[in-house]
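These notes concern the structure reproduced below.
The figures that follow rest on heavy atoms only: side chains count, while hydrogens, waters and symmetry mates do not. Chain identifiers are assigned alphabetically (A, B, ...) following the order of the sequence lines, protein sequences preceding nucleic acid strands; residue numbering begins at 1 within each chain. Because the structure is a prediction, the values reported are computed rather than measured.
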Amino acid sequence: MSAQSVKLSGWVNSIRAVGGIVFLEVIDGGSLDIYTVVVKKSRNPEVWQRASKIKTGSAITIRGTIPEVQVSKRGLEVHATNLEVLAEPIDLLPLDPAGTTPALLDTIIEHRYVALRMAKQRAIFRIRAIVASAAREYLESNGFLEVHTPKICGAGAEGGATLFQLDYFGRRAFLSQSPQLYKQMLMCGISRVYELTPYFRAEPHSTIRHLNESWGIDVEMGFIDSVEEIMGILEGLIAHVFARVKEVASRELDALGVKLSEPRRPFKHLDYSEALEILKSLGFEIDWGQDLGSTEEKAIGEFMLKEGYDAYFIVNYPWDAKPFYIMRKGKLSAAFDLDYKGLELASGGQREHRYNELVENIRIKGLNPDDFSFYLKAFKYGMPPHGGFGLGLDRLVMVITQSQNIREVVLFPRDRQRLLP
RNA sequence: GCCCCGGUCGUAUAGUCUGGUCUAGUAUGCCGGCCUGUCGAGCCGGAGAACCCGGGUUCGAAUCCCGGCCGGGGCGCCA
């Protein structure tokens, strides 16, 4: 048996020198692995000389061997036979990559690239990537085609939400607030589509769960029998993502101190009217037809959790509280929200696919059908019954990583104040 | 946009209520030294902040008052 030789490139996260031995704690390019690089004066005077002068935060390449006998209690021990410093910091690090001295969220965001050397930060963004790939995996195995719709749009999607305006060769254009209208138009030619996409919203909110640029998983499916079919896909998607993260990201979850439990299935279907009853019993005064505010959502979340449900659908919303493209069922609608512990993760529903009814809905909402002609045209050529949902990717990652603020799970968040970096 | 709280060495904080004793304390990081198995290393020494910006009160302001900017939280807004 001989020692295995290795090449290791990464950053020095901490240095401990004990007499003629230098211990470098090194992390690699992205995993959660930690290496303890050992350099002894007696064995390698030249390398030791260099190692004892190295600065925390330096980017280095090590060549060395992995000894049979591992003494280090932390990380894989590597005995360096060569050490090359590729770049060293020219300023004090803006935060402690080893995580001993805490950093405020604002400091982390300002220096996210350095913060990513902290185990917890890596864990969050590794989980984020796993969530995205697990979602793709599930949707593709269910016959959904990934599509990419425009983010520069000539018309505001549904009216209502505030849009970012921009100049498009002298014409007025907007950043897409949602792929809603485009994914529906696609239902005239493809039966199942999905898109991982940014949503741009110019709302001046400042909360722990809103951003002006956020990411969503948008799904639309045609030839459906009922709205239940859509909820089935959404529930399956959520369940698959949780299961996948649990399966492949145990180290990341450990690093975050998160014990992830998969949501109880089947998800409870809570009627909007039932939700109002619950709220009434909790002392809230809500008139039928009103949308639920965040305080109400949280109260329902707590109530449902006591009943044993972390994830639940709220169904049968009043149509008045929903957008024009949602199918009407008298005073009610074929729309649903998916909430997880009081946080809205997704909303969706069956759409109105009949041309005349759709035009009528637009009018009822006080909008002008002419403004939607590019969209309405798609409903003239054999549009099947269809529906879908938009699932907030940031919020899903937030829930899985048990982050308190949505900014924690977005590398460079865009909020009202933050435009750089 | 409204309400509450905050802004002090690179980082994280103490100090502010009860103005002077703060030439601003501590931890970590940083610099120098000692130590051949540290692993939140240890020990010794050192540098580092006129306290977000502007104005005011006062003999005297990190501390009190006003405005602005920024941060955290709550609400509103939210296809």
Side-chain angles (χ1 to χ4, degrees), chain A residues 13-25 34-45 48 52-53 55-57 67 69-75 77 79 89-111 114-115 118 153 155-163 174-184 197 199-212 214 216 218 291-298 321-326 335 344 346-349 351 365 367 388-390 392 404-405 407 415-418:
Chain A
N13 255 13
S14 74
I15 301 162
R16 290 179 295 273
V18 181
I21 310 183
V22 174
F23 298 93
L24 302 176
E25 205 167 289
I34 296 171
Y35 301 86
T36 297
V37 174
V38 183
V39 192
K40 294 190 181 182
K41 188 181 188 179
S42 59
R43 199 182 307 164
N44 254 309
W48 178 84
S52 55
K53 282 189 185 134
K55 289 181 180 173
T56 307
V69 180
Q70 289 278 318
V71 186
S72 169
K73 294 176 200 159
R74 230 173 103 79
E77 183 166 334
H79 289 186
I90 58 172
D91 266 332
L92 288 173
L93 293 179
L95 41 81
D96 173 18
T100 311
T101 305
L104 296 171
L105 180 58
D106 190 43
T107 308
I108 289 172
I109 293 170
E110 188 69 27
H111 304 277
V114 184
M118 300 195 280
C153 300
E158 291 123 83
T162 324
L163 303 167
F174 307 95
L175 288 179
S176 161
Q177 64 168 223
S178 150
Q180 181 62 37
L181 304 184
Y182 286 96
K183 67 179 184 176
Q184 277 193 264
T197 174
Y199 302 152
F200 302 99
R201 285 156 199 192
E203 255 90 42
H205 35 223
S206 90
T207 79
I208 53 169
R209 60 194 176 279
H210 292 274
L211 288 174
N212 296 290
S214 69
D218 254 274
D291 211 352
L292 307 178
S294 56
T295 315
E296 290 83 27
E297 279 179 353
K298 279 176 208 163
K322 289 291 170 185
F324 68 80
Y325 50 80
I326 289 289
E344 185 182 325
S347 67
R351 323 301 187 187
K365 292 289 178 187
L367 301 167
F389 56 84
Q404 299 307 306
N405 187 319
R407 282 158 258 252
D415 58 31
R416 200 140 52 124
Q417 225 51 59
R418 274 180 258 262

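Considering only heavy atoms from C-beta on, C153(A) comes within 4.5 Å of Y182(A) through its side chain. Using a 4.5 Å cut-off on side-chain heavy atoms (C-beta onward), E203(A) and Q177(A) make no contact. No side-chain heavy atom of E25(A) sits under 4.5 Å from any side-chain heavy atom of I15(A). The closest side-chain heavy-atom distance from F23(A) to V38(A) is below 4.5 Å. The shortest side-chain heavy-atom distance between L105(A) and Q404(A) does not fall under the 4.5 Å cut-off. Residues P179(A) and Y199(A) are in side-chain contact: their nearest non-hydrogen atoms beyond the backbone lie under 4.5 Å apart. Within the 4.5 Å cutoff, no side-chain heavy atoms of L104(A) are placed close to those of E110(A). Counting heavy atoms from C-beta outward, S294(A) and R209(A) have side chains that approach closer than 4.5 Å.
In terms of phosphate contacts, K298(A) brings a side-chain nitrogen or oxygen within less than 4.0 Å of OP1 or OP2 of C75(B). Distances shown here put every side-chain N or O of R16(A) at or beyond 4.0 Å from the OP1 or OP2 atom of C39(B). Contact check, R418(A) against G72(B): a side-chain N or O comes under 4.0 Å of OP1 or OP2. Taking side-chain N and O atoms only, T36(A) has no distance below 4.0 Å to OP1 or OP2 of U38(B).
Within 6.0 Å of NZ in K41(A) there are 12 or fewer heavy atoms belonging to other residues, nucleotides or ligands. Around atom CD of Q70(A), more than 12 heavy atoms belonging to other residues, nucleotides or ligands sit under 6.0 Å away.
Near RNA chain B, meaning a heavy atom under 4.0 Å away, the residues from residues 94-101 of chain A are P94(A), T100(A), T101(A).
The side chain of E25(A) lies closest to C39(B) when the candidates are G76(B), G72(B), C39(B). Listed nucleotides C78(B), C75(B), C31(B) differ in distance to S294(A); the shortest reach to its side chain belongs to C75(B). Distance from the side chain of L104(A) is smallest to A12(B) among G76(B), G37(B), A12(B). Side-chain atoms of N405(A) lie closest to G72(B) of the nucleotides G76(B), G72(B), G37(B). Here the side chain of H210(A) is nearest to one of U38(B), U36(B), C77(B), namely C77(B). For L92(A), counting side-chain heavy atoms from C-beta on, the closest listed nucleotide (G37(B), G10(B), G76(B)) is G10(B). Comparing C75(B), G29(B), U38(B) against the side chain of R209(A) picks out C75(B) as the nearest. Distances from the side chain of T207(A) to the nucleotides C31(B), G37(B), G76(B) place G76(B) closest. If you check A12(B), G40(B), C77(B) against the side chain of R74(A), the one that comes closest is G40(B).
For the pair D415(A) CG and C70(B) C1', the interatomic distance rounds to 12 Å; values are reported in whole Å. If you measure from atom CD of E203(A) to atom P of C77(B), you get 11 Å, rounded to the nearest angstrom. Going from atom CG of D91(A) over to atom P of G48(B) covers 17 Å, rounded to whole Å. Remark: C1' of C77(B) and CD of E297(A) are 13 Å apart, rounded to the nearest angstrom. One can place CD1 of I15(A) at 17 Å from C1' of G42(B), the figure rounded to the nearest angstrom. Nucleotide C39(B) holds its C1' atom 10 Å from the CD1 atom of I34(A), rounded to whole Å. Following rounding to the nearest Å, F23(A) (CZ) and G40(B) (P) show an atom-to-atom distance of 12 Å. Here the P atom of nucleotide C5(B) and the CG atom of D106(A) are 20 Å apart, to the nearest Å.
The separation of G76(B) from C4(B), taken at their C1' atoms, amounts to 15 Å, rounded to a whole angstrom. Taking the P atom of each, A24(B) and G48(B) are spaced 10 Å apart, rounded to whole Å. A distance of about 11 Å separates the C1' atoms of A47(B) and C9(B), rounded to the whole Å. A distance of about 39 Å separates the P atoms of G1(B) and C59(B), rounded to the whole Å. Nucleotides G6(B) and A50(B) have their P atoms positioned 23 Å apart, rounded to a whole Å. A distance of about 23 Å separates the C1' atoms of U23(B) and C64(B), rounded to the whole Å. On the C1' atoms, A62(B) is 4 Å away from C51(B), given to the nearest whole Å. With C1' as the reference atom, U36(B) and C30(B) are 25 Å apart, rounded to whole Å.
Shown here, G6(B) forms a base pair with C70(B); the pair counts as Watson-Crick or G-U wobble because both key distances fall under 3.5 Å. Partner assigned to G25(B) is U13(B), using Watson-Crick or G-U wobble distances below 3.5 angstrom. Under the Watson-Crick or G-U wobble criterion, with both distances below 3.5 Å, G45(B) is paired with C31(B). In this structure, G1(B) and C75(B) make a Watson-Crick or G-U wobble pair, each of the two defining distances being under 3.5 angstrom. Of all nucleotides present, none satisfies the Watson-Crick or G-U wobble test against G37(B) with each distance under 3.5 Å.
For A50(B), the O4'-C1' to base torsion is within 90° of 0; the nucleotide is therefore syn.
In terms of position along RNA chain B, the nucleotide closest to S206(A) lies nearer the 5' end than the nucleotide closest to the other residue of the pair Y199(A) and S206(A). When the nearest nucleotides of RNA chain B are assigned to I109(A) and L292(A) by heavy-atom distance, the more 5′-ward of the two goes with I109(A).
Between the side chain of E77(A) and the base of G37(B) there is at least one donor-acceptor pair of N/O atoms closer than 3.5 Å. Under 3.5 Å, the side chain of R416(A) and the base of G1(B) form at least one donor-acceptor pair of N or O atoms.
The main-chain N or O of A321(A) is never found under 3.5 Å from a side-chain atom of D291(A) such that the two would form a donor-acceptor pair.
Residue contacts shown for T107(A) are limited to sugar-phosphate atoms, with no base heavy atom under 4.0 Å away.
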